[in-house]
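Only one structure is covered here, and it is reproduced in the block below.
Every chain is numbered from 1, with letters handed out A, B, ... down the list of sequences. Being a predicted model, the structure only gives us computed values, none of them experimental.
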Amino acid sequence: MTDLSNVTPTEMMTIAAARALSNDDVCFVGIGAPSAACNVARLTHAPGITLIYESGTIGTAPDVLPLSIGDGELCETAVTTVSVPEMFRYWLQGGRISVGFLGAAQLDRFGNINTTVIGDYRHPKVRLPGGGGAPEIATSCRQVFITMKQATRGMVEKIDFYTSFGHGEGGDHRKRLGIDTEGPTLLITDLALWKPDPDTKEFTVVSMHPGVTRERVQETCGWKVRFAERVEETPPPSKQELTALRELQARTERAHGKKGN
Amino acid sequence: MARFQSLSEAVADNLNDGDTVAFEGFTHLIPHAAAHEAIRQGRKDLTLIRMTPDIIYDQLIGMGLARKVVFSYAGNPGVGLLRRMRDAIENNWPRALETEEHSHAAMANAYEAGAAGLPCAIFRGYRGAGLKDVNPAIKSVTCPFTGEELAAVPAHRPDVAFIHAQKANRRGDVLIEGIVGVQKEVVLAAKRAVVTVEEIVDDFEGLHPNLCVLPHWTVTSIVEVPGGAHPSYAHGYYPRDNSAYLEWDKISADRDVFTRWMKENVLDSTPDVFAARVKGL
């Protein structure tokens, strides 16, 4: 049975991320942690949410988490499946997506994301997979949620490459580039919820998960952390939320022989 | 007019050294058998285009067939990094590899522009993104009506496209269903197109009129290769072999293991093995 006393930080992160989505959202889902969160939302408080994967599957409802963005089940359970050019032109560029949900290899305090290279672009120390759909997801969705586990090598003072644009240098940088969408409005980590400061756009801790200290948030983050004047405590997972997540992961594990995020 | 050929004939007739070639499939219908035939025939100095170079591009690059790769996401989907491609970029093994990197939106638009016979694709993209500082093929145009600055990239016009599909009929019309990706666009954008199919049927009678069909006169060559997408999948025929993608991470991690695996499973093999690989999936 669901044991509420041994919730892992990753489970807390996924559930906190799921809570940020609403029944009316049309959500462009990245693979990995975002995919788990979006499907937990669909299986709990937001059964009407529209989940879209960049493979062209619109309104999908997979029983297990896909290993790739193009798994067959996404198509079989979708309301419709469109071509990839149509996906990016009519649906994403056309402004029909309310939330883009992204992960990050490197993130800075203004929500700029790097998933391209560690080190110099021409002579990288590590060549990462690259942006895929993210550069346009970050600017075409009405808002962007980011989810990642906290670590000093991931949450850095300066990212090595601007794969996708968040708030740039902060302030009104998006507006100056003619980008009229909101950009990153929420960062969900395994320790806390962060929201951009209304003026500077710097991510600020607004809620810490149960048992997490300010010291822990700081020592796993590469920049000097700002805390909101009033920092809430994130409500712990409910039995329903935790059961939905664990059952989803158990089904996924049985299907792929590998644990989903 | 589509010709029905063996895979070795189709590759020999359509893929030349130095060609720009796209083996497409967005997770689904990836033409693995065709890529393996290209490796067996030892083509050289290819420019590879693909939105999501995964295992087959890791193999083509690791076997030294590629001079350049044009791409938007170079990962083993759901598993991790592409280790052979990384080794080529980071260490020039087995040869140096030039890269031209885009976003998915740019690649999809570039295929569509190629299919539409346009010189370039125009879209709202790359705003604030670092790729436009490192890729000289990303430029911008100003909308003559609104003044909005939009991104522009050259159309993809590959010399040859390879895709896998579910069915062809006796005339050579090709049917694709499920996740269609950019299969239609890449065929229409390319000068020549080779399509491997799960099966050849008499006709498409009784099927839904809006299914994705490429008329026979848009396709150069058709080859029946059951299982030819494995370990990718063919909707309605067999599922994705996720364990093979996980396994690839280990095979590709080491140059010697990779080289041995390629000899056993590709160089010393034939297209006929694919049918057995999807049995029981």
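Side-chain N or O atoms of Asn112(A) include one that pairs as donor or acceptor with a backbone N or O of Gly168(A) at under 3.5 Å. A donor-acceptor pair under 3.5 Å is absent between the side-chain atoms of Asn109(B) and the main chain of Arg89(A), judged by distance alone. At least one donor-acceptor pair under 3.5 Å links the side chain of Asp108(A) to the backbone N or O of Gly111(A). In this structure a side-chain-to-backbone donor-acceptor pair under 3.5 Å is present from Thr163(A) to Thr115(A). Of the possible donor and acceptor atoms, none in the side chain of His167(A) sits under 3.5 Å from a partner among the backbone N and O of Lys201(A). Distance alone, capped at 3.5 Å, places no donor-acceptor pair between the Arg109(A) side chain and the Glu157(A) backbone.
Only the side chain of Glu136(A) comes within contact range of chain B, judged by heavy atoms closer than 4.5 Å. At a 4.5 Å heavy-atom cutoff, the contact between Arg240(B) and chain A is made by side-chain atoms alone. If you measure heavy-atom distances from Ser103(B) to chain A, the contacts under 4.5 Å come from both the backbone and the side chain. With a threshold of 4.5 angstrom between heavy atoms, Tyr111(B) does not approach chain A through any atom at all. Heavy atoms closer than 4.5 Å to chain B are found in the side chain of Thr81(A), but not in its backbone. Within the 4.5 angstrom heavy-atom criterion, no atom of Ser164(A) approaches chain B. Only the side chain of Met51(B) has a heavy atom closer than 4.5 Å to any heavy atom of chain A. The parts of Val126(A) that come within reach of chain B are both its backbone and its side chain, each placing non-hydrogen atoms under 4.5 angstrom from that chain. In this structure, chain A has no heavy atom under 4.5 Å from any part of Leu82(B). Proximity to chain B (any heavy atom under 4.5 Å) is shown, for Arg174(A), by neither the backbone nor the side chain.
Between the side chains of Trp248(B) and Asn76(B), no donor-acceptor pair of N or O atoms lies under 3.5 Å. Thr77(A) and Thr60(A) are linked by a side-chain donor-acceptor pair at a separation below 3.5 angstrom, with hydrogens and angles left out of the test. Between Glu198(B) and His164(B), the side chains place a donor N or O and an acceptor N or O closer than 3.5 Å (distance only, hydrogens not considered). Side-chain contact check for Lys132(B) and Tyr162(A): no donor-acceptor pair (N or O, by modelled atom type) lies under 3.5 Å. Residues Ser35(A) and Tyr53(A) bring a donor and an acceptor atom of their side chains to less than 3.5 Å of each other.
Interface remark: of the candidates Tyr126(B), Phe71(B), Tyr73(B), Tyr73(B) forms the most heavy-atom pairs closer than 4.5 Å to chain A. When the candidates Pro124(A), Pro129(A), Gly72(A) are compared by the number of heavy-atom contacts under 4.5 Å with chain B, Pro129(A) comes out ahead. For chain B, the option among Thr57(A), Asp71(A), Leu177(A) with the highest count of heavy-atom pairs below 4.5 Å is Asp71(A). Highest contact tally toward chain B, considering only Ala78(A), Pro135(A), Gly56(A), Ser83(A), is held by Ser83(A) [criterion: heavy-atom pairs under 4.5 Å]. The most heavy-atom pairs under 4.5 Å with chain A, out of Ser72(B), Pro53(B), Ala105(B), come from Ala105(B). Most heavy-atom pairs under 4.5 Å with chain B: of the set Thr116(A), Thr139(A), Val82(A), this distinction falls to Thr139(A). When the candidates Ile89(B), Leu131(B), Asp133(B) are compared by the number of heavy-atom contacts under 4.5 Å with chain A, Leu131(B) comes out ahead. Chain B forms the most heavy-atom pairs under 4.5 Å with one residue out of Glu73(A), Met87(A), Glu76(A), and that residue is Glu76(A). Top candidate by heavy-atom pairs under 4.5 Å with chain A, chosen from His28(B), Arg124(B), Arg127(B), Met107(B), is Arg127(B).
Residues His173(A) and Phe165(A) place their aromatic rings such that the two centres sit under 6.0 Å apart.
The cationic atom of Arg277(B) (NZ for Lys, CZ for Arg) lies less than 6.0 Å from the six-membered ring centre of Phe274(B) and within 45° of the ring axis.
Electrostatic pairing of Asp249(B) and Arg83(B) counts as a salt bridge here, judged by a charged N lying under 4.0 Å from a carboxylate O.
Ring planes of Phe23(B) and Tyr57(B): perpendicular class, angle over 60° (limits at 30 and 60°).
Residues of residues 180-190 of chain B that come within less than 4.5 angstrom of chain A, heavy atom to heavy atom, are Val180(B), Gly181(B), Val182(B), Glu185(B) in numerical order.
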